[in-house]
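So the structure is just underneath, and the comments pick up after that.
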Amino acid sequence: MPDFPFARRTGWDTSDNALTRTLRRLKAGGASIRDLTVSNPAECAFRFSSLDWIKDLGHPDNARYTPDPRGLLPAREAIAEDYARQGIAVDPERIFLTSGTSEGYSHVFRLIADPGDRVLFPRPSYPLFHFLGDLNDVELDFYDLNFEGRWQVDRASVRSRIGARTKAVVVVNPNNPTGSYCGNEDREFLRDMCGSRAALISDEVFFDYSLEARRPSSLLQGAGALTFVLNGLSKALALPQMKLSWIVVGGPPEVVRDAMRRLEVIADTYLSVGAPAQNAAPRWLARKETVQSEIRQRLTENLACLRRQTAGLGARLYPVEGGWYAVLRLPEGADEETVVLELLDRHQVLAHPGYFFDFPESRPHLVLSLLTPPEVWKEGGRGIAEYVKG
Ligand SMILES: Cc1ncc(COP(=O)(O)O)c(C=O)c1O
């Protein structure tokens, strides 16, 4: 049968990689794997997972249909109140609910970019960007984050890669997986670079998970370029299954007005968030501290444990300002692909290689999920230490 002429944008290589094949072989042989990549909170043995989240889905208003392109007002008000508790003033009228942060990206790309326009992403960062770019017909460029005591924007790379067709610069605040927040100076620099011709998109899904005493700042703070801040319950409440996220629009009032008028049409075309999650959101958000304090404790303890286990090995555990991941740079030598395959094969430890996140491949980096349950984490860390010692 001749091949069907599918859209070129879907011509992805979906074959299994060597890591997936090795994992499948080991599991089939009955191996017990220390999975240090698990980031589904429901699989991480948290006490808050057993709270009764479902009872809040029984709101009587769920039987009614009162669509609003921005999403139901009580949900948006609850989100605005949550920002207010953090000292950030947000008008509920500037909030648009989406089913996920990924959908938030898509809406913003559809709003600002024509096919072939370009968006500037950070590197290293989160691999989903490649697909979001393809699906929305935007071309991806990358600016670098360099580590000099902390991860910072490499300004020369922004200057050299921003061009006439650049419609947005993306900031992940804090970045996944480097755990670095966008500092005030970098924020102002990026705002200046965007000026009035490009938008800033700030992905703040991990914003609340700061591990340092210093309060990070959101791209909702200060003034300047047209800005879209993305966030959602998948990380803020560790509830990815409930499918409720949001976009907050900020920037100069006239541009914001125009952006919202157009965004309303995009959101109205999909109306993608179900009433049950929207009606439950105010009650769920009231439990935010219960969820986040338990997660923060896990992040801190796992990080301290790995620091002890890898001390003196010649590996570098990068500082984690916030977020759910740790990055470990192993001593020079073996190539990254070989390292992750050998770790899995010899020590049954599953870690993500840095190249999944566009780390330069010259040095082996491991990306590890700090949500991993402590016992698994401890055994996994021991496996990594034994591997490095050889
Ligand atoms: C930085 C970042 N942004 C966005 C997402 C997607 O979030 P959502 O589940 O709300 O689509 C993820 C998921 O892991 C993420 O790590």
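Remember, it's 1-based here, ligands and their atoms both numbered in the order they're listed.
Residue V172 approaches ligand 1 through these ligand atoms, each under 4.0 Å from one of its heavy atoms: 1 (C). Listed by atom number, the atoms of ligand 1 under 4.0 Å from S102 heavy atoms are 6 (C), 11 (O). The atoms of ligand 1 that sit less than 4.0 Å from any heavy atom of G100 are 10 (O), 11 (O).
Counting only distance, with no hydrogens or angles, the side chain of D203 and the backbone of V205 share a donor-acceptor pair below 3.5 Å. The backbone N or O of A113 lies less than 3.5 Å from no partner atom in the side chain of R165, so there is not a single donor-acceptor pair.
In terms of protein heavy-atom proximity, atom 9 (O) of ligand 1 is nearest to S234 OG, 3.2 Å. Of all protein heavy atoms, the one closest to atom 1 (C) of ligand 1 is D203 OD2, 3.4 Å. For atom 6 (C) of ligand 1, the nearest non-hydrogen atom of the protein is Y126 OH, 3.5 Å. If you check which protein heavy atom lies closest to atom 16 (O) of ligand 1, you get N176 ND2, 2.8 Å. When only non-hydrogen protein atoms are considered, atom 10 (O) of ligand 1 lies nearest to T101 OG1, 2.7 Å.
The side chain of V205, and not its backbone, has at least one atom closer than 4.0 Å to an atom of ligand 1 (non-hydrogen atoms only; side chain from C-beta on). Looking at L230 against ligand 1, nothing comes within 4.0 Å, counting heavy atoms. Proximity of S245 to ligand 1, defined as any heavy-atom pair under 4.0 Å, is confined to the side chain (atoms from C-beta onward).
A donor-acceptor pair shorter than 3.5 Å cannot be found between the side chains of H107 and N136. Looking only at atom types and distance, the side chain of E204 has a donor-acceptor partner in the side chain of S218 under 3.5 Å away.
The closest approach between K235 and ligand 1 falls below 4.0 Å for a heavy atom of the residue. Within the structure, ligand 1 lacks W324 among the residues with a heavy atom less than 4.0 angstrom away.
The aromatic rings of F129 and F121 are tilted relative to each other, their planes meeting at an angle between 30° and 60°.
Listed here is the closest heavy atom pair of P74 and P282: O-CG, 3.9 Å.
At most 12 heavy atoms of other shown residues, nucleotides or ligands fall within 6.0 angstrom of atom NZ in K389.
A cation-pi contact, defined as under 6.0 Å to the ring centre and within 45° of the axis, is absent between R329 and Y318.
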